[in-house]
2 protein chains.
Amino acid sequence: MSEPSLPEQIANELRRDILRGTLVPGAPLKERDRALEMGVSRTPMREAIRILSQEGLVVLRPARSPLVADPPLSDIMDHVIVLRALEELSGELACTNATEEDLDKLRAINAKFESEFYTADRLVSFETDMSFHMAIARASHNYALADTHRSFLARLWRARFLTSTRRRNRQTVLEQHAALLDALCRRDRAALKTAFDAHLGHLADDIRKVFEKEQT
Amino acid sequence: MSEPSLPEQIANELRRDILRGTLVPGAPLKERDRALEMGVSRTPMREAIRILSQEGLVVLRPARSPLVADPPLSDIMDHVIVLRALEELSGELACTNATEEDLDKLRAINAKFESEFYTADRLVSFETDMSFHMAIARASHNYALADTHRSFLARLWRARFLTSTRRRNRQTVLEQHAALLDALCRRDRAALKTAFDAHLGHLADDIRKVFEKEQT
DNA sequence: CAATGGTTTTTGGTATACCAAATTTCGAAA
DNA sequence: TTTCGAAATTTGGTATACCAAAAACCATTG
């Protein structure tokens, strides 16, 4: 098992801070201060910031401090649209390419998700949610697709995290995951597409609601 | 007009060398030597290499020299599959979102492509080809989509470049571009999807042929 | 008091120095 | 002659030093 590199570790830490809200959207990320604060030099800190920029969590400005990203609703919706296309393609390919091991893995993740539902804190449950979707993408056996899909999930991380506040949403997600898993096991392309549409339509609605509520 | 940053300039230069074949696939990119050679320090050279790795033109190995990428045929085909999905989505969105200016721009690029057809060298004609596809993606008015699309075009750059050798292919491309433009101007989703399928199916066939021929 | 211009400070970009891991080289032993 | 291992070298990773551009501050002036 290879340890993550120093820049990746730093990126992970910053990412958690951003998702948890310790670093608020719009705040500048002064690389010197952050580096000192975390006991590393500017070089790996710079690389970490590039990683997060690639994930859309921070925005770079030439010759200025990078900012914690604060994308407008329209941007997020654009991402959801692309994510839907990517997930539908994943599903289609997975219906023909998924092995039994792939399906077993999915079933295991889904079981974990269900068992965590009542106990785990949001971030943990949320990461299991993510890994479920990534496992479907990987079942397509198309690495380029899985990688791009992962990148879009990451970009929507914060928005999705915000929508996971309410228990009711998480209940719906539970049912939708079951529907996805069932359709894939039956290798039923049409049902899988329908399930993805429902899932992402629901996500889009939730995000819209959160944005409206935030408009205070 | 903002000048590209130093790392971007370096990345551009390296990219040309890779596409032109000056840097052959599989060759190591020693950052110290390259930096010295180009009269810059290692820091921006490192960043440039990260950019190219993000584009899939070089592969990073922990604690080892990065290599010029040499993807197997299956990898490239995976990329074509995703590119098709992205272009179809672009087309669909562009049919509703494209403005008249967008269409004018496309017409202009297409005219440029036609006029260059007999005169320009491969790389120039090729870049016009790329810009045509990127302009369609931008006409979707979905920035995330256009950006991802651009990234996939870049990853397929070398493979596409290799297929552009034969005049006959380029003739076909000319006709297919006309079909794409026509369908989009008529805002005919179905026709546009058909045209994209034909275009990318053709591309996949060509790449396969080039790989078979290279198998010497 | 507000506006302006110049000076100081802050901060990202680049170059360089240093370190540790990986590779290569080369000689000793079987 | 071949093989194995230790020393030397190469090379990516990290820390630091330096520079130029941007921002903040402040005094001067209308």
Side-chain angles (χ1 to χ4, degrees), chain A residues 1-18 22-71 147 155, chain B residues 1-18 22-71 147 155:
Chain A
M1 186 62 96
S2 66
E3 286 184 11
S5 72
L6 182 54
E8 276 165 12
Q9 291 178 38
I10 298 172
N12 290 340
E13 193 153 333
L14 288 179
R15 191 185 300 109
R16 274 210 309 278
D17 287 348
I18 292 174
T22 312
L23 292 170
V24 298
L29 271 183
K30 306 187 191 175
E31 57 183 54
R32 219 177 296 252
D33 298 357
R34 285 289 146 200
L36 191 63
E37 201 167 298
M38 290 184 55
V40 299
S41 86
R42 286 178 60 198
T43 315
M45 173 60 70
R46 270 178 78 79
E47 260 197 56
I49 290 175
R50 305 303 153 128
I51 292 174
L52 294 179
S53 120
Q54 211 277 325
E55 292 181 3
L57 285 178
V58 312
V59 294
L60 302 177
R61 308 176 297 173
R64 278 180 191 71
S65 291
L67 302 179
V68 178
D70 189 13
D147 190 58
R155 281 164 183 257
Chain B
M1 185 65 94
S2 66
E3 287 184 12
S5 71
L6 183 54
E8 275 166 10
Q9 290 178 39
I10 299 173
N12 290 340
E13 193 153 333
L14 288 179
R15 191 185 300 110
R16 272 209 310 278
D17 287 348
I18 292 174
T22 311
L23 291 171
V24 298
L29 270 183
K30 306 186 190 176
E31 59 183 52
R32 219 176 294 254
D33 298 357
R34 284 291 146 200
L36 191 63
E37 203 165 296
M38 291 183 55
V40 299
S41 87
R42 287 178 58 198
T43 315
M45 174 59 70
R46 271 179 77 80
E47 260 196 57
I49 290 176
R50 305 304 153 125
I51 292 173
L52 294 180
S53 117
Q54 211 278 325
E55 291 180 4
L57 285 178
V58 312
V59 294
L60 301 178
R61 308 176 298 172
R64 277 180 193 70
S65 290
L67 302 179
V68 177
D70 188 12
D147 190 57
R155 280 163 184 256

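Remember, it's a predicted structure, so these values are computed and weren't measured experimentally. Per chain, numbering begins at 1; letters A, B, ... match sequence-line order.
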**OP:** Report the C-alpha separation of B:M38 and B:M45 in whole Å, then their side-chain angles, then the decisive distance to 0.1 Å, and conclude whether the side-chain contact (heavy atoms from CB on, under 4.5 Å) test is met.
**Re:** CA-CA 9 Å; B:M38 291 183 55; B:M45 174 59 70; 3.9 Å; yes
Original post:
Hey, what do you get for OG1 (B:T22) to CD (B:E13), rounding to the nearest 0.5 Å?
Top reply: 10.5 Å
Original post:
Between which nucleotides of DNA chain C, read 5' to 3', does contact with chain B run, using atoms under 4.0 Å from its heavy atoms?
Top reply: C:dT14 to C:dT23
**OP:** Could you grab the distance from atom CG of A:L6 to atom OG1 of A:T43, nearest 0.5 Å is fine?
**Re:** 10.0 Å
Subject >> Partner residues of A:D33 under the salt bridge (charged side-chain N to carboxylate O under 4.0 Å, His left out) criterion, sequence neighbours left out >> reply: none
Original post:
Considering heavy-atom distances to DNA chain D, does A:A63 or A:R42 have its closest nucleotide positioned more toward the 5' end?
Top reply: A:R42
Subject >> Most 5' of B:P62 and A:P62 on DNA chain D, judged by nearest nucleotide >> reply: B:P62
Original post:
Hey, can you pull the residues of residues 44-56 of chain B with a non-hydrogen atom under 4.0 angstrom from DNA chain C?
Top reply: B:P44
Original post:
Excluding sequence neighbours, so at least two apart, what forms salt bridge (charged side-chain N to carboxylate O under 4.0 Å, His left out) with B:D147?
Top reply: B:R150
**OP:** Could you list by number each residue of residues 6-18 of chain B showing a heavy-atom separation from DNA chain C of less than 4.0 Å, or answer none if no residue does?
**Re:** B:L6, B:P7
**OP:** Describe the nucleic acid contact of B:L29 in one word from base, sugar-phosphate, nothing, applying a heavy-atom distance below 4.0 Å.
**Re:** sugar-phosphate
**OP:** Apply salt bridge (charged side-chain N to carboxylate O under 4.0 Å, His left out) to the pair A:E37 and A:R34, showing each step before the final yes or no.
**Re:** CA-CA 5 Å; A:E37 201 167 298; A:R34 285 289 146 200; 2.7 Å; yes
**OP:** Please name all residues satisfying side-chain contact (heavy atoms from CB on, under 4.5 Å) with A:E8, sequence neighbours left out, ordered by chain then number.
**Re:** A:P4, A:S5, A:I51
Each nucleotide N or O in nucleotides 7-11 of chain D that has a protein N or O under 3.5 Å away: list the pair and distance.
{"unit_1": "D:dT11", "atom_1": "OP1", "unit_2": "B:K30", "atom_2": "NZ", "d": "2.4"}
{"unit_1": "D:dT11", "atom_1": "O3'", "unit_2": "B:S65", "atom_2": "OG", "d": "3.4"}

Donor-acceptor pairs under 3.5 Å, side chain of residues 60-70 of chain B to any protein atom, not counting sequence neighbours: which ones?
{"unit_1": "B:R61", "atom_1": "NE", "unit_2": "B:S65", "atom_2": "O", "d": "2.9"}
{"unit_1": "B:R61", "atom_1": "NH2", "unit_2": "B:S65", "atom_2": "O", "d": "2.8"}
{"unit_1": "B:R64", "atom_1": "NH1", "unit_2": "B:P62", "atom_2": "O", "d": "3.4"}

Subject >> Nearest non-hydrogen partners of A:L52 and A:A11, listed with the distance >> reply: CD2-O, 3.8 Å
Subject >> Minimum heavy-atom distance A:I49-A:L29, with the two atoms named >> reply: CD1-O, 4.3 Å
Subject >> With B:R155 via salt bridge (charged side-chain N to carboxylate O under 4.0 Å, His left out) - residues at least two apart >> reply: none
Subject >> Inter-axis angle, terminal five-pair segments of the helix from C:dC1-D:dG30 to C:dA30-D:dT1 [nearest 10°] >> reply: 0°
**OP:** Could you tell me which residues satisfy salt bridge (charged side-chain N to carboxylate O under 4.0 Å, His left out) with A:E55, sequence neighbours excluded, listed by chain and number?
**Re:** A:R15
**OP:** For B:R46, enumerate each residue passing the side-chain hydrogen bond (donor to acceptor under 3.5 Å, both in side chains) test, keeping only those at least two apart in sequence or located in another chain.
**Re:** A:E47, B:E31
Original post:
Atom CG in B:L23, atom CG in B:D17: separation rounded to 0.5 Å?
Top reply: 5.0 Å
